[in-house]
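Encoded as structure tokens, the structure appears first; notes follow it.
All values below come from the heavy atoms of this structure, side chains included, with hydrogens, waters and symmetry mates left out. Quick note: residue numbers are just sequence positions, from 1.
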Amino acid sequence: MSHCGAFVRANSDSGSGMNRRRFLVSAAAIAGSGVLVACGGGSRQPVGPPRRGGRLTVATGGAKGSDTVDPMLLNSVPVSFMARNLYGQLADFSNDMKYTLQMAEAIESNAAGDEWTIRLRQGIEFHNGKTLDADDIVFTFQRTFSLPGAVTVGKFKTFVDMGGFTKLDARTVRMKLLRPSSTFHTTLASPFKIVPVGFDPNNPVGTGPFRYKNFTPNRQWVLERFGNYWNGTGPAQDSDTPAPADLGPRPYVDELVVNVVNDDSARLNALVTGQVDAINLVQYAQIPTVAQRGELKLLESKTGAWTGIYMNMATPPFNDVRVRQALRLSLDREQALQSCLSGHGVVAHDLPEPFAPGYPAELTRHRDIEQAKSLLKQSGQAGVPLELVAGPVSTEAVSMCTVLANNAAEAGFNIKVRQVDTGTLFGPNFHSWQFSVDKWPAQGDFQTLTALTDLSSSDLTHMDAATRSELQSLYEQAQHTTDPAKRDDITKQMYQLEFDRGGWIIPFFPNVVNAYNEKTGGWPKNDFGGRTFGNGQFEQVYLKG
């Protein structure tokens with residue numbers, strides 16, 4: 001198979017646990033009391049060598065009250081973990097945001113970028129014994145387009161022609177797109193889980209390292225080791241404690257238990273008291289508590305995840321670019337980083353995807369109160385009351401809104417922060433708030449992100465027609481350009497437009513902090529996507545002793 005367009009090819013290498021009811025009762029009690037178990041003292045037992053088998057139990061926050069095992073309805077951190085371990089993808093981004101092929105042996109485009117051919121690796125097995133084939137790819141796309149609420153459909157609907165599939169053989173599908181997309185392969189790498197023909201979400205079957213055992217919504221997932229996992233001997237993500245070679249194929253544990261514990265104190269207590277082996281979303285103020293206990297280890301990684309404050313450009317005063325720029329210039333980003341993250345992160349300059357091709361690191365924005373005052377005065381909007389609706393989309397969301405309001409007051413803004421719960425924030429008004437917040441994990445590609453945000457029908461900034469048209473034109477040029485260097489140049493122009501006239505305020509990229517007991521090892525050390533636990537790479541974790 002030979003094409004002169006974009007081309008990517010894979011290389012040839014591709015116990016005893018706690019009582020579930022006791023854990024849930026304990027976690028709920030601790031969450032309600034606000035009590036933190038004392039973290040000093042106690043004798044440490046010797047830790048044995050790495051071993052196979054046993055049960056790995058983790059606690060995660062981030063549930064949103066509508067958890068599911070359907071991989072096309074991903075809506076929370078816990079569901080993302082479940083999907084990552086039950087299902088497989090054609091391609092993916094590694095934990096340092098490098099594009100890699102997974103179940104696809106090759107993903108190739110023609111010179112125009114409007115025809116893509118996907119060839120599967122041979123012999124990949126679903127949990128029910130079925131062999132992955134081309135029909136499963138077509139079925140997964142069909143289900144994505146027909147399932148109400150499917151979160152993956154947005155990145156495909158402008159490109160994928162459901163009548164444009166051609167099955168070339170049992171492992172190969174050719175897709176004729178509705179229009180050119182030189183970055184189509186990257187959309188296959190953001191969460192897009194392949195399911196078998198006839199998939200039943202009540203009896204979920206995938207190709208992941210673990211298979212389904214049981215599930216209690218918003219409480220717990222239990223998965224068990226899949227012995228025929230296709231990538232059991234392939235490259236693992238970088239770890240400070242990699243598994244020894246003689247430990248055999250992944251996954252190393254027999255059972256994976258994921259408990260949902262949204263309360264930060266309860267989650268930490270579960271780790272400190274030994275009820276779980278690891279927790280995610282460690283708060284920065286909790287780091288000293290973890291650090292002073294010798295048996296607990298911290299995993300901190302920089303990320304490209306971001307919480308953004310968005311301005312609705314369709315409503316005054318944000319329909320005036322001078323107001324938007326004045327607000328951006330009034331923010332003290334270093335102060336925000338220290339106040340909101342205790343310094344655990346990297347200052348950002350209103351541009352997302354720092355690891356994406358074409359990211360312009362040279363575009364920086366620093367606080368300039370005098371310029372902000374001047375722009376705001378020119379706009380005639382000084383002192384106009386503004387309400388900034390803030391909800392806990394991330395641990396830093398509310399505090400960063402408060403920092404912005406205080407900083408902006410010096411420039412003449414009159415901003416009141418109204419804190420709401422996530423149900424209100426993401427309710428009927430979500431797409432019409434004048435001034436609010438949202439959170440995004442790193443997508444790995446600015447083209448993909450732009451299609452999902454400013455160029456989508458659900459654009460939160462409601463970009464004005466002229467700016468949107470210019471951005472759309474650049475986007476289309478990029479999608480018609482299969483030369484990576486030329487495409488990066490166009491991407492830089494898109495970034496410049498966002499920098500000059502966009503509606504997002506992005507103060508920083510927060511680090512993500514997880515913690516685990518020393519009786520476990522193999523944890524991925526990088527987490528650039530910001531999805532925690534290396535996006536649920538539990539198959540490479542092992543127990544000791």
Output yes when a side-chain donor or acceptor of Ser190 lies under 3.5 Å from a complementary backbone atom of Thr187, and no otherwise.
-> yes
Is it true that His431 and His462 have ring centroids separated by less than 6.0 Å?
-> no
Does a side-chain heavy-atom distance below 4.5 Å link Ile287 with Val513?
-> yes
Assess the side chains of Thr453 and Asp459: does a donor N or O sit below 3.5 Å from an acceptor N or O?
-> no
So, Tyr359 versus Phe446, ring centres under 6.0 angstrom or not?
-> no
Start with the C-alpha distance between Thr461 and Asp454, add both sets of side-chain angles, then the distance that settles side-chain contact (heavy atoms from CB on, under 4.5 Å), and finish with yes or no.
-> CA-CA 7 Å; Thr461 66; Asp454 291 326; 3.1 Å; yes
In terms of side-chain heavy atoms, does Ser80 have a donor or acceptor partner in Arg531 at a distance below 3.5 Å?
-> no
Can you measure from OG1 (Thr532) to CG (Asn280) and round to the nearest 0.5 angstrom?
-> 4.0 Å
What pair of heavy atoms forms the shortest contact from Trp306 to Pro510, and how long is it?
-> CA-CD, 4.5 Å
For the pair Asp277 (side chain) and Thr57 (backbone), establish whether a donor and an acceptor sit closer than 3.5 Å, ignoring hydrogens and angles.
-> yes
Measure from the side-chain N and O atoms of Thr424 to the backbone N and O of Val420, and report whether any donor-acceptor pair falls under 3.5 Å.
-> no
Are Thr186 and Thr448 close enough that a side-chain donor and a side-chain acceptor fall under 3.5 Å?
-> yes
Provide the closest heavy-atom pair for Pro288 versus Ala285 in the form atom of the first, atom of the second, distance.
-> CD-O, 3.5 Å
Sub-3.5 Å donor-acceptor pair from the side chain of Ser339 to the main-chain atoms of Gln335, do we have one?
-> yes
Can you name the closest pair of heavy atoms from Asp500 and Val321 and give their distance?
-> O-CG2, 3.7 Å
Residues Asp350, Arg333: salt bridge by 4.0 Å N-O rule = yes
Strictly by modelled atom types, are Ser374 and Gln378 linked by a side-chain donor-acceptor pair under 3.5 Å?
-> yes
Could you verify whether a donor N or O on one side chain and an acceptor N or O on the other, from Ser94 and Asp96, lie under 3.5 Å apart?
-> yes
If you measure from the Lys or Arg side-chain nitrogens to the Asp or Glu carboxylate oxygens, is any gap between Arg84 and Glu539 under 4.0 Å?
-> yes
Just do the side-chain contact (heavy atoms from CB on, under 4.5 Å) check on Leu331 and Arg367 with the steps written out, would you?
-> CA-CA 6 Å; Leu331 178 62; Arg367 194 179 197 218; over 6 Å; no
Heavy-atom side-chain proximity of Leu281 to Thr395 below 4.5 angstrom = no
Any side-chain heavy atom of Leu375 sitting closer than 4.5 Å to one from Gln371?
-> yes
Leu386 and Pro317: which non-hydrogen atoms are nearest, and at how many Å?
-> CD2-CD, 3.5 Å
Are Glu476 and Arg179 ion-paired here, with the side-chain N under 4.0 Å from a carboxylate O?
-> yes
Mind checking whether Asn269 and Gln275 have side chains closer than 4.5 Å, heavy atoms only?
-> no
For the side chain of Ser456 and the backbone of Ser458, is there at least one donor-acceptor N/O pair under 3.5 Å apart?
-> yes
Six-ring centre of Phe499, Arg365 cation under 6.0 angstrom, axis tolerance 45° = yes
CG on Leu497 to CZ on Arg468, rounded to 0.5 Å = 12.5 Å
Atom NZ of Lys302: over 12 foreign heavy atoms under 6.0 Å = no
May I ask you to check whether Asp92 and Thr100 show a side-chain donor-acceptor distance below 3.5 Å?
-> no
Val403 side chain reached by Cys340 side chain, heavy atoms, under 4.5 Å | yes
Just checking, is any N or O donor in the side chain of Ser182 or Arg487 under 3.5 Å from an acceptor N or O on the other one?
-> yes
Pair Lys373 + Glu410, salt bridge at N-O below 4.0 Å | no
Side chain of Tyr495, backbone of Pro352: donor and acceptor closer than 3.5 Å?
-> yes
Please confirm whether the backbone N or O of Asp332 pairs with a side-chain atom of Glu334, one donor and one acceptor, at under 3.5 Å?
-> no
Hey, are Lys416 and Glu387 close enough for a salt bridge, meaning a charged N less than 4.0 Å from a carboxylate O?
-> no
Identify the heavy atoms of Val417 and Cys401 that sit nearest to each other, and give their distance.
-> CG2-O, 3.7 Å
Side chain to side chain donor-acceptor pair (under 3.5 Å) pairs, two or more places apart, involving residues 310-320 | Asp320-Arg322
Phe81 and its ring pair (Phe, Tyr, Trp, His ring centres under 6.0 Å) partner, picked from Tyr87, Trp221, Phe538 | Phe538
Min side-chain heavy-atom separation Thr491-Gln447 under 4.5 Å = yes
Would Val512 and His344 count as a side-chain contact (heavy atoms from CB on, under 4.5 Å) if you check the C-alpha gap in whole Å, the side-chain angles of each, and the deciding distance to 0.1 Å?
-> CA-CA 8 Å; Val512 64; His344 293 270; over 6 Å; no
Salt bridge or not for Lys492 and Asp489, using N-O below 4.0 Å?
-> no
Is any side-chain heavy atom of Leu474 less than 4.5 Å from a side-chain heavy atom of Gln477?
-> yes
Does Gln434 reach the main-chain N or O of Pro316 with its side chain, forming a donor-acceptor pair under 3.5 Å?
-> yes
To the nearest 0.5 Å, what is the distance between CZ (Arg501) and CG (Leu471)?
-> 9.0 Å
Decide whether Glu300 and Asn511 meet the rule of one side-chain donor and one side-chain acceptor closer than 3.5 Å.
-> yes
Atom pair CH2 (Trp523) and OG1 (Thr241), whose distance is rounded to the nearest 0.5 Å = 9.5 Å
Pick one: which of Phe93, Phe192, Trp116, Phe159 meets ring pair (Phe, Tyr, Trp, His ring centres under 6.0 Å) with His185?
-> Trp116
Do Thr520 and Lys297 touch side chain to side chain, with heavy atoms closer than 4.5 Å?
-> no
With no hydrogens and no angle check, is any side-chain donor or acceptor of Ser301 less than 3.5 Å from a backbone partner on Asp527?
-> yes
Taking it one step at a time, do Ile505 and Leu404 satisfy side-chain contact (heavy atoms from CB on, under 4.5 Å)?
-> CA-CA 10 Å; Ile505 299 172; Leu404 175 65; 4.0 Å; yes
CD1 of Ile279 to CG of Leu271: how many Å apart, nearest 0.5 Å?
-> 5.0 Å
Atom of Thr307, atom of Lys439 and distance for their closest heavy-atom approach | OG1-CG, 3.8 Å
CD1 of Ile309 to CG of Leu460, rounded to nearest 0.5 Å, is 13.5 Å
Indicate yes or no for a side-chain donor-acceptor contact from Ser469 to the backbone of Ala466 under 3.5 Å, with no hydrogens or angles considered.
-> no
